[in-house]
Structure formats: structure tokens, C-alpha cells
Number of protein chains: 2
Amino acid sequence: MPESPEQSSLDSYNPKEFDTPIYSVDIAIFTLHEGQLKVLMVERNEYPYKDYWALPGGFVDLKKDSNINATARRKLVSKTGVDAPLLEQVSTIGNAHRDPRHWSITTLYMALIPYAPTAEFIEAVNEARWFPIEEIEQLQLAFDHSELLQLARERLKNKTAYTVLPIHVLKRPFSLSQLQKAFELLMDTELEKKSFRRRLLNADVLKEVGEGIPDGGKGRPAALYEPADGSENHLFVRVFGD
Amino acid sequence: MPESPEQSSLDSYNPKEFDTPIYSVDIAIFTLHEGQLKVLMVERNEYPYKDYWALPGGFVDLKKDSNINATARRKLVSKTGVDAPLLEQVSTIGNAHRDPRHWSITTLYMALIPYAPTAEFIEAVNEARWFPIEEIEQLQLAFDHSELLQLARERLKNKTAYTVLPIHVLKRPFSLSQLQKAFELLMDTELEKKSFRRRLLNADVLKEVGEGIPDGGKGRPAALYEPADGSENHLFVRVFGD
DNA sequence: TGACAATAGTGGCGATTAGCCAATAATACA
DNA sequence: TGTATTATTGGCTAATCGCCACTATTGTCA
């Protein structure tokens with residue numbers, strides 16, 4: 001994270017001087033792309049954990065940030081160029097050993113964003129990269145970020161299970177089959193076609209906008225949908241049971 | 001909080017010296033007593049907010065606490081004398097104005113404990129008091145603790161709604177009617193008798209341990225129950241739907 | 001001792017929903 | 001025209017919820 005002034009200024013801190021923990025924010029930013037769930041990682045270029053992949057994150061800017069959610073949002077936008085339909089706290093983790101230099105605390109956030117608008121931004125500006133979730137789970141990450149990532153992934157599962165979130169991150173318009181695949185990726189489970197359709201269509205969050213050919217160009221054309229007007233308010237409609 | 005060394009040491013801090021936020025932990029400790037949901041509050045005896053009621057809380061002790069959950073647990077035990085079947089993070093709130101002295105961050109926890117073992121401890125040791133939840137909502141609390149309390153209360157509702165938590169905080173043995181009342185208090189809603197019994201008895205978390213006369217001494221004696229062996233592991237059995 | 005009040009527990013039923021699987025529909029392509 | 005592929009619908013069974021009335025067991029009080 002060479003463009004992170006907080007980081008370098010921190011490195012000059014002498015831990016011995018502190019009787020209060022160091023506080024930071026980390027974000028697991030997820031997206032759906034090429035039929036996979038991916039997460040955005042950045043490569044550290046400073047010690048400790050130089051050259052390791054890490055979650056995007058940073059420190060509260062007492063001048064810019066009116067609150068810590070704003071810190072998270074600022075980090076999200078600076079890494080991806082977009083705001084998110086979902087950005088929420090997962091958990092706060094603090095202990096003496098997660099950073100070898102000092103007692104440190106981080107608040108972990110999770111975000112889910114559409115892939116399309118971020119693609120060039122990320123390639124152009126950052127040393128950031130989208131990793132398929134299975135791939136990143138194999139790597140050793142900086143600090144305790146493997147655990148953080150797992151926490152965020154778990155929260156994403158739960159969140160998807162009882163909201164209608166995925167309709168806000170698919171490229172519009174989308175078919176019910178595409179939507180089902182999105183749910184399945186996010187929830188990491190398979191869903192029954194009939195039940196899925198019943199619930200989604202009854203949930204009253206979709207607006208039909210014509211017909212179209214599915215992805216591969218094969219098979220019967222599907223009805224296409226968009227989020228219904230005001231369905232942001234229905235972000236919390238429960239669609240699935242346990 | 002006169003016995004809180006962290007607090008007084010903080011008061012000597014000069015905010016201007018900080019370029020990092022002040023970090024603390026607060027706990028909303030709930031219990032059931034006299035047919036009411038109550039929460040434990042402490043009276044501040046220092047400025048700011050001298051003589052206001054506040055949530056129990058404090059600062060991380062870098063020596064004693066291996067992590068922030070340990071900080072919360074230490075605070076819980078020091079205020080109540082007991083550990084809790086439920087102690088969990090609710091949210092982390094940080095901004096520039098919640099403490100008039102400096103940019104401050106707190107991680108809010110919520111705990112639910114049985115009333116009985118705490119009664120004398122609390123009277124004897126602390127300037128702490130159990131408040132019925134409706135009563136405390138009328139008072140102006142220290143800092144942003146009214147909002148924190150509301151967040152914790154909301155989380156308690158949700159948690160109760162899809163776990164079997166209350167069976168761990170009632171005095172044993174208890175009847176299904178008593179248990180239903182506990183759920184209703186915690187969830188702040190009314191439940192259907194038949195459905196409640198069906199679900200609880202099917203959830204396989206209760207062990208019948210004979211019969212007994214209900215509270216008021218009136219009416220037919222009820223079957224009495226205790227948590228089944230190993231039902232701590234079933235803390236997360238979903239008992240209710242939406 | 002015999003109503004009556006109060007609380008506990010059960011029976012029954014219609015309406016809804018989940019889960020399963022097969023049948024039908026519409027398209028591309030060989 | 002036939003086949004592969006994907007979309008959509010139909011139909012059935014089992015489970016569950018919400019509702020309400022009915023039965024059961026006790027204490028109380030005239």
C-alpha cells in the first residue's frame with residue numbers, strides 16, 4: 001500500500017510509547033465475476049508482511065472521517081472507485097499479537113459491489129487484484145487476514161440468505177437463472193429452482209423488462225428482470241428459510 | 001466509576017496530543033427479573049456527564065487483556081460477579097463528537113445473565129443499578145449511551161428470535177409458560193402458545209424434570225424443564241421463523 | 001362439598017409453503 | 001427435421017403455522 005500515508009506514518013511509531021491500542025479498519029470487498037465469487041486484495045510493499053496479500057484497509061483520518069463507517073466507505077471508494085449497495089460491519093478484532101509491532105484493533109467491514117464499473121479503475125490505479133475466493137483461501141495472507149476474510153465470507157453467506165441483496169449487484173437486466181446462480185455462489189449452496197422462483201417472484205422486488213437470450217446463446221430465451229422501484233427498501237426481505 | 005483507574009488516567013490525557021482515536025468497550029448487560037427486562041447501569045461520578053447513568057464499560061488493559069472480548073468479559077465479571085451464557089459484540093461506533101473531549105471509538109457488547117447470582121454482589125460492591133428497560137429509555141444517559149442501548153436491545157431481540165437463549169438464563173427448573181414469558185419479554189412480542197410448545201419441545205433442548213406448582217400458586221401444576229445436557233451447543237437452534 | 005377461577009396442556013383443521021420431479025416451451029444448430 | 005440446451009410451469013406430498021376451542025388439574029371460597 002504505497003499510497004497510504006497513514007501506513008508509513010505508522011511505521012515511524014514507537015510501540016513502547018503507546019498505552020492505547022492502534023486502531024484500523026479493514027474491508028473484504030466481494031464481487032461476482034465469471035461465475036465466481038471474488039474478493040479484492042492488495043499487495044503490501046512494506047514490512048511486516050512485505051509482498052503478502054492483504055485486505056484493503058487503513059486508519060481513521062481524524063480530519064476527513066466523521067465516523068468509522070465513513071472511514072470504511074472512503075477506503076472502499078479509493079480502492080474501487082464505486083460506492084456499494086452493501087457495506088456493513090462484520091466484527092471488531094483486537095489483541096496483542098495480530099500485529100507483531102503492537103496491541104492492535106481492527107474493525108472488519110464487508111462490501112459487495114457490482115463488478116463492471118470497477119474493472120478498469122482497479123487495473124489502472126492500484127496494485128489491487130480480484131482473487132477467486134477459493135484461490136485466496138490457499139494463500140498465506142498478511143497479519144490475521146485469512147481469519148478476517150473467513151469471518152466476512154461467513155457474514156456474506158448469512159446476509160444473502162435472508163435478504164434480496166444479489167439483485168442489486170447483477171448487471172441489469174438479468175434472468176432468474178442468473179439470479180439463482182448469484183444466490184448460490186454467495187450462499188455457497190444449491191437452491192431448488194421452483195422454490196427459488198416462487199419466493200423471488202412473490203417477494204415483489206423484481207420488475208419484468210422483456211425477454212432475452214441467455215448467456216451462452218443456447219436454449220429458450222428467459223424473462224429479464226430489474227430490481228423494482230424502491231426495492232432498496234426491501235433489502236431485508238427474507239427470501240429463504242434456514 | 002470511581003474504582004476505574006483507566007478512567008481517571010484518561011482524564012489526564014490532553015486530546016491535542018492524539019492523532020489516534022481513544023478506544024473503549026461498553027456493555028449492555030440484560031437480565032430478567034420480576035417479569036421485566038432490566039439492564040445494568042452505573043452512575044458516573046466524573047465529568048463529563050457527571051451524575052448521569054451510563055453503560056458499564058472501560059478501556060483495554062494492555063497487560064491483562066489478551067483481546068478485546070477479554071476486556072468485555074473482565075468488565076462484565078467485575079460489575080456483576082458472574083460470567084454469561086451470552087456475551088457478544090453488537091457494533092463498533094466511532095466518531096468525533098460522541099465524547100466531547102476527543103475522537104473516540106467504542107465497541108458495544110451485549111450480555112444476558114441470570115438475575116439470581118448477581119443480586120447481592122451488585123448491591124454490595126457497585127454504584128450499579130438494574131433498570132427496567134422502559135424506565136431507562138425515558139432518562140437522558142451519558143454520551144451516546146441511549147443509542148447504544150437501543151442497538152443492544154435490538155440485537156437481543158434478534159438473537160432471541162432465532163436461538164434458544166432464554167433457557168439458559170431462567171432459574172431452574174422452569175415451566176413452559178415461564179419460558180414463553182421470557183421469550184416474549186426478550187422479543188417484545190406475543191407468541192402463540194401451541195406453536196411455541198411445538199417448536200420448543202421438538203427442538204430437543206429441554207429435559208423434563210417433574211412437575212410443580214406455578215408461580216402464583218394458582219392453576220394446574222406445570223411440567224418443569226431444564227436445559228438438556230449439551231444444549232449449550234444448541235444455543236443456535238432456530239426456534240422461530242420471521 | 002360443590003361451583004368457579006386460574007393456569008396447563010391437547011385436538012383438530014384450513015391455509016400456506018417447501019421440496020421434489022416430470023412435463024412442456026422456445027430457441028440454436030447440425 | 002431432430003437434438004441439445006435452457007426456461008418455465010404443473011402437480012403432488014409432507015410439514016408447518018396460526019387459530020381456537022376443548023379438556024385437565026389445582027386452589028379458593030361460599
Side-chain angles (χ1 to χ4, degrees), chain A residues 34-35 160-164 166-167 170-185 187 189-226 237-242, chain B residues 34-35 160-162 164 166-167 170-185 187-226 237-242:
Chain A
E34 295 173 330
T160 310
Y162 55 89
T163 71
V164 108
I167 72 173
L170 282 188
K171 193 168 62 178
R172 306 171 187 186
F174 47 82
S175 70
L176 283 181
S177 298
Q178 291 170 330
L179 186 57
Q180 179 172 349
K181 272 174 208 141
F183 270 97
E184 289 176 337
L185 278 175
M187 297 173 68
T189 183
E190 301 210 335
L191 297 172
E192 225 284 320
K193 186 168 51 169
K194 187 66 183 295
S195 306
F196 179 81
R197 291 168 161 270
R198 255 195 308 239
R199 300 202 72 150
L200 259 294
L201 293 177
N202 289 341
D204 209 41
V205 290
L206 296 179
K207 178 175 51 175
E208 193 172 344
V209 292
E211 279 205 347
I213 313 107
D215 279 338
K218 290 182 291 191
R220 169 176 170 177
L224 299 178
Y225 298 86
E226 286 181 3
V237 173
R238 166 179 289 275
V239 178
F240 300 99
D242 344 12
Chain B
E34 296 174 329
T160 310
Y162 56 90
V164 109
I167 72 173
L170 283 188
K171 195 169 61 177
R172 306 173 188 183
F174 48 82
S175 71
L176 282 182
S177 298
Q178 292 169 331
L179 186 57
Q180 181 172 346
K181 272 175 208 141
F183 269 97
E184 289 177 337
L185 279 174
M187 296 174 68
D188 194 27
T189 183
E190 301 211 335
L191 297 172
E192 226 284 318
K193 185 168 58 168
K194 188 66 184 296
S195 305
F196 179 81
R197 288 165 165 272
R198 256 194 307 238
R199 299 202 74 149
L200 259 294
L201 294 176
N202 288 342
D204 210 42
V205 290
L206 296 179
K207 178 175 53 176
E208 193 173 344
V209 292
E211 278 205 348
I213 315 107
D215 279 338
K218 290 183 291 191
R220 167 177 171 178
L224 299 178
Y225 298 86
E226 285 182 3
V237 172
R238 168 179 288 272
V239 177
F240 300 100
D242 348 12

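This is a predicted model, so every value here is computed, not measured. Naming: A, B, ... by sequence-line order, numbering from 1 per chain.
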Please find the pair of heavy atoms, one from [X] and one from [Y], that lie closest to each other, and give the distance.
X: Glu208(A); Y: Ala223(A); answer: OE2-CB, 3.5 Å
X: Pro173(B); Y: Gln178(B); answer: O-OE1, 4.4 Å
X: Ala182(A); Y: Leu170(A); answer: CB-CD2, 4.1 Å

[X] [atom1] to [N] [atom2], straight-line distance once rounded to whole Å:
X: Asn202(B); N: dA14(D); atom1: CG; atom2: P; value: 18 Å
X: Leu179(A); N: dT6(D); atom1: CG; atom2: C1'; value: 16 Å
X: Arg197(B); N: dA24(D); atom1: CZ; atom2: C1'; value: 12 Å
X: Glu192(A); N: dT9(D); atom1: CD; atom2: P; value: 15 Å
X: Leu206(B); N: dG9(C); atom1: CG; atom2: C1'; value: 15 Å
X: Leu201(B); N: dT16(D); atom1: CG; atom2: C1'; value: 15 Å
X: Phe196(A); N: dC20(C); atom1: CZ; atom2: C1'; value: 18 Å
X: Leu191(B); N: dA8(C); atom1: CG; atom2: P; value: 15 Å

Pull out every protein N or O sitting under 3.5 Å from an N or O of nucleotides 23-28 of chain C, one pair per line with the distance.
{"unit_1": "dA25(C)", "atom_1": "O4'", "unit_2": "Arg220(A)", "atom_2": "NH1", "d": "3.3"}
{"unit_1": "dA25(C)", "atom_1": "N3", "unit_2": "Arg220(A)", "atom_2": "NH1", "d": "3.3"}

### Any side-chain heavy-atom pair of Arg198(A) and Ser195(A) under 4.5 Å
yes
### Query
Considering only heavy atoms from C-beta outward, does the side chain of Val164(B) approach that of Leu206(B) to under 4.5 Å?
no
### Task
To the nearest 0.5 Å, tell me how far Arg172(A) CZ sits from Ile167(A) CD1.
8.0 Å
#### Entry: Distance, nearest 0.5 Å, that separates CD of Glu184(B) from CG of Leu179(B)
10.0 Å
Check this one for me: any side-chain N or O of [X] less than 4.0 Å away from OP1 or OP2 of [N]?
X: Ser195(B); N: dG18(D); value: yes
X: Arg198(A); N: dT17(C); value: no
X: Ser177(A); N: dA7(D); value: yes

### Query
Is any side-chain N or O of Lys194(B) under 3.5 Å from a base N or O of dG9(C), one able to act as donor and the other as acceptor?
no
### Message
Among dT8(D), dG11(D), dA18(C), which nucleotide has an atom closest to any side-chain atom of Arg199(A)?
### Response
dA18(C)
